[in-house]
Amino acid sequence: MADVYAKMKELGVTLPEPPAKGGIYTPVQEFGDKLLYCSGCGPAIGEENVIGTLGKDLTVEDGQKAARNCALNLLANLHDKLGDLNRIKRFVKVLGFVRSADDFQQQPQVINGGSQLILDLFGEEKGLPARTAIGTNATPGGIACEIEVLVEYE
């Protein structure tokens, strides 16, 4: 089994600090038999954020960068909860919301930015979950996208 942190180092990936909560909720909720539901995370990392609407003022590539940042924030929350990302047995489900212009239809390609990071770090067996990518007209603070995940851990 590959070490996730070694893979992160190899790919030049650094976990950010867990994002600040944007409301009254738990960032990671444990339930059932070793399952974790992760509240949605946006793309803000430090002072960097991706604000805007896909198909209007943002390109698919901008959206993919935002989705990748969302995934990094989710991983930071999971690391904070588990203490070790190597405890993740598999990603079960990814749900992505993309702030979209009415005629924008490339939500799956946008969310690929986050999915690709998870796949690269965890491999196909652990990091290729079921997924839904949805377009929406508004997001908190005008962020480009928000992603949540469900994971099983050991």
Side-chain angles (χ1 to χ4, degrees), residues 1-23 25-30 35-54 57-100 106-136 139-154:
M1 177 166 69
D3 177 16
V4 174
Y5 300 98
K7 190 67 174 176
M8 288 171 59
K9 186 174 181 179
E10 175 188 324
L11 297 175
V13 173
T14 303
L15 280 184
E17 290 295 317
K21 292 190 332 183
Y25 63 88
T26 300
V28 180
Q29 182 66 51
E30 187 170 358
L35 295 169
L36 297 173
Y37 177 80
C38 301
S39 297
C41 284
I45 295 179
E47 298 299 315
E48 178 187 348
N49 203 352
V50 183
I51 306 288
T53 303
L54 276 293
D57 33 40
L58 295 176
T59 65
V60 170
E61 293 76 19
D62 295 330
Q64 289 171 337
K65 169 73 169 140
R68 185 179 191 281
N69 283 1
C70 292
L72 284 169
N73 281 327
L74 287 161
L75 292 172
N77 279 342
L78 284 165
H79 173 79
D80 193 51
K81 176 73 173 182
L82 292 172
D84 184 354
L85 292 175
N86 290 305
R87 293 182 63 196
I88 293 174
K89 184 174 180 180
R90 67 182 165 148
F91 284 78
V92 177
K93 171 79 189 230
V94 169
L95 174 58
F97 298 91
V98 179
R99 185 174 179 206
S100 303
Q106 295 177 288
Q107 291 83 6
Q109 289 83 355
V110 169
I111 299 303
N112 280 348
S115 296
Q116 188 66 58
L117 177 65
I118 292 169
L119 178 61
D120 290 346
L121 293 178
F122 290 88
E124 198 167 309
E125 188 175 317
K126 291 182 178 187
L128 196 59
R131 189 184 85 175
T132 303
I134 297 172
T136 185
T139 52
I143 57 177
C145 61
E146 182 172 337
I147 299 176
E148 60 184 47
V149 295
L150 174 65
V151 300
E152 182 179 18
Y153 71 97
E154 302 177 300

Study note, to complete from the structure: Per side chain to side chain donor-acceptor pair (under 3.5 Å), Y153 is matched among R90, E30, K89, R87 by E30
Do the side chain of [X] and the main chain of [Y] share a donor and acceptor less than 3.5 angstrom apart?
{"X": "Q64", "Y": "Q109", "answer": "yes"}
{"X": "N73", "Y": "A44", "answer": "yes"}
{"X": "K21", "Y": "Y25", "answer": "yes"}
{"X": "R131", "Y": "G96", "answer": "no"}

Give the minimum heavy-atom separation between [X] and [Y], together with the two atoms involved.
{"X": "C41", "Y": "L74", "value": "SG-CD2, 3.8 Å"}
{"X": "A133", "Y": "I111", "value": "CB-CG1, 3.7 Å"}
{"X": "V50", "Y": "P43", "value": "O-CG, 3.7 Å"}
{"X": "A71", "Y": "L117", "value": "CB-CD2, 4.0 Å"}
{"X": "P16", "Y": "A76", "value": "O-CB, 3.3 Å"}

Roughly how far, to the nearest 0.5 Å, is the [atom2] atom of [Y] from the [atom1] atom of [X]?
{"X": "T53", "Y": "D62", "atom1": "OG1", "atom2": "CG", "result": "11.5 Å"}
{"X": "L72", "Y": "L15", "atom1": "CG", "atom2": "CG", "result": "7.0 Å"}
{"X": "C38", "Y": "L95", "atom1": "SG", "atom2": "CG", "result": "12.0 Å"}
{"X": "E10", "Y": "L121", "atom1": "CD", "atom2": "CG", "result": "10.0 Å"}
{"X": "I45", "Y": "N69", "atom1": "CD1", "atom2": "CG", "result": "3.5 Å"}
{"X": "Y37", "Y": "E148", "atom1": "OH", "atom2": "CD", "result": "3.0 Å"}

**Study point:** Exercise: do S115 and N112 side chains pair donor with acceptor under 3.5 Å
**Key:**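 On atom types as modelled, these side chains do not qualify, holding no pair under 3.5 Å.
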Please list, one pair per line, the donor and acceptor atoms closer than 3.5 Å that link side chains of residues 78-85 to other protein atoms, with sequence neighbours excluded.
{"unit_1": "H79", "atom_1": "ND1", "unit_2": "Y5", "atom_2": "OH", "d": "2.7"}
{"unit_1": "D84", "atom_1": "OD1", "unit_2": "N86", "atom_2": "N", "d": "2.9"}
{"unit_1": "D84", "atom_1": "OD1", "unit_2": "N86", "atom_2": "ND2", "d": "3.1"}

**Study point:** Test log, rule side-chain contact (heavy atoms from CB on, under 4.5 Å), inputs K7 and D120
**Key:** CA-CA 8 Å; K7 190 67 174 176; D120 290 346; 5.5 Å; no
Give every donor-acceptor pair under 3.5 Å between a side-chain atom in residues 139-147 and any protein atom, sequence neighbours left out.
{"unit_1": "T139", "atom_1": "OG1", "unit_2": "I143", "atom_2": "N", "d": "3.1"}
{"unit_1": "T139", "atom_1": "OG1", "unit_2": "I143", "atom_2": "O", "d": "2.4"}

Point to revise | Residue E48 excluded, over 12 heavy atoms near CD under 6.0 Å | key: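 Correct, the count exceeds 12.
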Exercise for review: Taking atom NZ of K9 as the centre, report whether more than 12 heavy atoms of other residues, nucleotides or ligands fall under 6.0 Å from it.
Suggested key: no
Practice item. For the pair V4 and L75, evaluate side-chain contact (heavy atoms from CB on, under 4.5 Å) and give the outcome as yes or no after the intermediate values. Key: CA-CA 11 Å; V4 174; L75 292 172; over 6 Å; no
Review point. Is the shortest heavy-atom distance from the side chain of R99 to the side chain of L54 under 4.5 Å?
Key: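 Side-chain contact under 4.5 Å: no.
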Practice item. Just jot down the side chain to side chain donor-acceptor pair (under 3.5 Å) partners of R68, sequence neighbours excluded, or say none. Key: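 R68: no side chain to side chain donor-acceptor pair (under 3.5 Å) contacts found.
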